[in-house]
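Values in this document were obtained by computation on a predicted structure and should not be read as measured data.
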Amino acid sequence: MPARAGWLSTSINFLIALLVGVLLGSIAQTQLNLAALQNMGVEIPTLLRLEITLSDLITFAPIYALLFSIGFLLAQAAAVWLSRWLGGRFLMLLSAGAAAVALLITLNLVDTFAPMPTFIAATRSTFGLGIMLITAALAGGLFAVMKGRSSRFNASYNVASLVVMLGVAGLTSEQAVAQQEQGKPYQIDTIADALEHPWSLAFLPDGRMLVTERPGRLRLLSAEGSTLVESLNGVPDVYASGQSGLFDVLVSPQFEKDQRVYLSYACGSQEANHACLATGTLTETGLNDVSEVFRVQPAKQGNAHFGGRMAWLPDGTLILTLGDGFDYREQAQNLHNPIGSIVRLNPDGSVPQDNPFVNRDDAHPEIYSYGHRNVQGLVVDEQYQRLIAHEHGPRGGDEINIIEAGDNYGWPIATGGLDYTGARITPFAAYPGTVPPVLEWTPSIAPSGMALYTGELFPEWQGDLLVGALVNQEVRRVRLSDDGSSAEDIEGLFGELEERIRDVRVGPEGAIYLLTDSPEGRILRVMPSLSGS
């Protein structure tokens, strides 16, 4: 009976300390995230702060509890055992220290294996990480205080019982998508395969194709899709890891005269990397006279959110999209550097003198628009003279925007998405001085490449946007209003492929070309169905 009473008392003490640790951690991460917004001059009233804090207790705290609980259990069991070995001394110090160390190990493991560089945004800085570790230490100290007031503790019995009590059952789900292939107005053919994570496709005037592969290869294909050169030489060295690598390829508007090709890519290392832009002259075997014409400064760490899409404006200037680096999201509001912006350049990398911030000492002159998270879709609609971009949100908040010179598109002050942990990034879906999207997807579709359909083969899609969706494994067809004030997501296409679509292009003959994101990626050509039905 005493052992049973001790087990019950210890279990209650542990659960109370665990609950306190989860609550303190959730509250701390909320305040740290809100403080980052306030440092940018965002006003957050007290009642709104309270609302966001309570919201995170509902959405973030359960996820944090899963991360925190197992390490906390093992840490407290080890602290109790070690204290007993030391004659019952130092339990407070051991419990607090073990809890902090366990959380630090857990966060490092999660950040190592999760797709994003830092899973809990509040821990991006040393200060934020320290605050989170302090909350864990407080929970460990509380457990020690409560245990010290409890009756005798049978260590082996209690630890085994707690492990059983806090065992986590995995929940899996499967979603089967069945699509009938009969009656489709199109047919899909593979024209090239065995490509390693193909990222972008560009057509040369004679019908040949240039394809980038994320590890750093630029492949030359015939118009029919056969490989002419597997890896063109002269491509700059790229930093390839996670989302980083070789991105977009863009052909000069005067290619028949200058043979120039432009490449966007990640350069540097894990500890110090940049989004870069280079250009070179295409030959039969590679690129000559290659030079880097733009590099994002300062350097950053991590391997996510580089942007990398390019497009030519009618005036001959080049648009390049740049990501926020994931852990650097507040920099998207900092005009002193181009992180999280769209830049406009002359073909030689110099600054057009009519850029919106060119005469401001407090702004980077290349910046064309800012407040972006990770723009990976970009098209120029010459009919309506507008630049259209889409960008990834986190959990929801994917956006399509009409880009205007000098405008602020809100990230991370305004977004409809949540962080991957379920935490609120900001209290605001819209904020004064920022431009709202014309279309938003929540939950996220993870938009990738985007094309404006201008061909003749699919007249019913004329003028529509075709947006690759990595998560949905399809292409979304979107129709913009003539004035660009709104957009309608009409339908999903090509979902029967059940593959991640990285890029979408319209060929010179009006066919649609898809690149699948895979270690064994393919180039697919979509043509009208031969049956006509």
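- With respect to the salt-bridge test (charged N to carboxylate O, under 4.0 angstrom), the residues Glu271 and Lys300 do not qualify.
- In this structure, Gln333 and Asn408 have side chains that are in contact, with non-hydrogen atoms separated by less than 4.5 Å.
- In this structure the side chain of Leu466 reaches within 4.5 angstrom of the side chain of Ile512, judged on heavy atoms.
- Contact of the Ile425 side chain with the Asn33 side chain is not registered, since no non-hydrogen atoms from C-beta on lie closer than 4.5 Å.
- A distance-only check finds no donor-acceptor pair linking the side chain of His274 to the backbone of Arg295 [under 3.5 Å].
- Judged by distance alone, with hydrogens and angles left aside, the side-chain atoms of Asn472 form no donor-acceptor pair with the main-chain N or O of Glu474 at under 3.5 Å.
- Pairing each heavy atom of Gly302 with each of Asn273, the nearest pair is O-ND2, 2.8 Å.
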Atom pairs and distances, side-chain donor-acceptor, residues 40-50, under 3.5 Å, sequence neighbours left out:
from	atom 1	to	atom 2	distance (Å)
Arg49	NH1	Gln31	OE1	2.7
Arg49	NH2	Gln38	OE1	2.8

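- Note that CD1 of Ile403 and CG of Leu313 are 11.0 Å apart. Values are rounded to the nearest 0.5 Å.
- Judged by distance alone, with hydrogens and angles left aside, the side-chain atoms of Ser69 form a donor-acceptor pair with the main-chain N or O of Ala65 at under 3.5 Å.
- The list of side-chain hydrogen bond (donor to acceptor under 3.5 Å, both in side chains) pairs with a residue in residues 433-447, not counting sequence neighbours, reads Asp398-Ser444, Glu440-Thr442, Trp441-Asp489.
- Inter-residue side-chain proximity for Gln331 and Tyr370 is flagged as unmet; no heavy-atom pair is nearer than 4.5 Å.
- In terms of modelled atom types and a separation under 3.5 Å, the side chain of Thr321 and the main chain of Val375 share a donor-acceptor contact.
- Proximity of a side-chain donor or acceptor of Gln29 to a complementary backbone N or O of Ile27 within less than 3.5 Å is not detected.
- Atom CG of Leu107 sits about 5.5 Å away from atom OG1 of Thr123, to the nearest 0.5 Å.
- Across Tyr409 and Asp407, no two heavy atoms sit closer than the pair CE1-CB, 3.5 Å.
- Asp237 CG: 12 or fewer foreign heavy atoms inside a 6.0 Å radius.
- Electrostatic pairing of Asp503 and Arg309 counts as a salt bridge here, judged by a charged N lying under 4.0 Å from a carboxylate O.
- How far CG of Leu24 is from CG of Leu19: 9.5 Å, rounded to the nearest 0.5 Å.
- Rounding to the nearest 0.5 angstrom, the gap separating the CG atom in Asn334 from the OH atom in Tyr328 is 13.5 Å.
- The aromatic rings of His390 and His392 sit perpendicular to each other, their planes meeting at more than 60°, with 30° as the lower class boundary.
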>> Glu491 vs Arg477, test: salt bridge (charged side-chain N to carboxylate O under 4.0 Å, His left out). Steps then yes/no.
In response: CA-CA 5 Å; Glu491 64 174 337; Arg477 182 162 71 94; 2.9 Å; yes

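- Proximity of Asp354 to Arg344: side-chain heavy atoms (C-beta onward) are separated by under 4.5 Å at one or more points.
- Note: Leu320 CG to Leu277 CG = 6.0 Å, rounded to the nearest 0.5 Å.
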> Given the rule in the side-chain hydrogen bond (donor to acceptor under 3.5 Å, both in side chains) test, do Asp517 and His197 qualify, once you have shown the distances and angles that lead to the verdict?
Replying inline: CA-CA 5 Å; Asp517 183 34; His197 293 287; 2.9 Å; yes

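- By the 4.5 Å heavy-atom criterion applied to side chains, Ile120 and Tyr64 are counted as neighbours.
- The aromatic rings of Phe247 and Trp199 lie tilted to each other, with the angle between the two planes from 30° to 60°.
- Between Tyr265 and Val238, the shortest heavy-atom contact is CB-CG1, 3.8 Å.
- Within 6.0 Å of CG in Asn39 there are more than 12 heavy atoms belonging to other residues, nucleotides or ligands.
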>> Would Gln76 and Ser95 count as a side-chain hydrogen bond (donor to acceptor under 3.5 Å, both in side chains) here? Give the steps.
In response: CA-CA 6 Å; Gln76 297 316 299; Ser95 292; 3.2 Å; yes

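- When each of Ile400, Asn401, Leu480 is tested with Leu439 by the rule side chain to side chain contact (heavy atoms under 4.5 Å, CB included), just one qualifies, namely Ile400.
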> Under the side-chain contact (heavy atoms from CB on, under 4.5 Å) criterion, do Trp312 and Leu250 qualify, and how do the steps go?
Replying inline: CA-CA 9 Å; Trp312 294 107; Leu250 187 67; 3.2 Å; yes

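- At least one donor-acceptor pair closer than 3.5 Å links the side chain of Ser481 to the backbone N or O of Ser486.
- At distances below 3.5 Å, not a single donor-acceptor pair connects side-chain atoms of Asp56 with backbone N or O atoms of Thr30.
- The pair Asp327-Arg329 does not count as a salt bridge, with every side-chain nitrogen at least 4.0 angstrom from each carboxylate oxygen.
- In terms of heavy atoms, Arg505 sits closest to Ser200 at NH2-OG, 3.1 Å.
- Between Val296 and Pro338, the closest side-chain pair of non-hydrogen atoms falls below 4.5 Å.
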> Could you go step by step and tell me if Ile342 and His372 meet the side-chain contact (heavy atoms from CB on, under 4.5 Å) rule?
Replying inline: CA-CA 8 Å; Ile342 292 176; His372 299 289; 3.7 Å; yes

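- Pairing each heavy atom of Phe72 with each of Ala136, the nearest pair is CE1-O, 4.3 Å.
- Looking at heavy atoms from C-beta onward, Pro356 lies in side-chain contact with Tyr368 at the 4.5 angstrom threshold.
- Without hydrogens or angle criteria, Ser55 side chain to Glu51 main chain gives no donor-acceptor distance under 3.5 Å.
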> Please walk me through it: do Gln473 and Glu499 pass side-chain contact (heavy atoms from CB on, under 4.5 Å)?
Replying inline: CA-CA 5 Å; Gln473 298 186 340; Glu499 294 191 62; 5.7 Å; no

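- Arg386 has a carboxylate O that lies under 4.0 Å from a charged side-chain N of Asp381, or vice versa, which qualifies the two as a salt bridge.
- Gln243 places a side-chain N or O within donor-acceptor distance of the main-chain N or O of His305, the cut-off being under 3.5 Å.
- Distance alone, capped at 3.5 Å, is enough to place a donor-acceptor pair between the Asp315 side chain and the Thr317 backbone.
- Note that the CG atom of Leu387 and the CD atom of Glu382 stand 11.5 Å from one another [nearest 0.5 Å].
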>> Is there a side-chain contact (heavy atoms from CB on, under 4.5 Å) between Asn303 and Tyr239? Walk through the geometry before answering.
In response: CA-CA 9 Å; Asn303 58 8; Tyr239 163 56; 3.5 Å; yes

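- The minimum heavy-atom distance linking Leu103 with Met132 is given by the pair CD2-O, 3.4 Å.
- Geometric assessment of Arg373 against the ring of Trp411 yields a positive cation-pi assignment under the 6.0 Å and 45° thresholds.
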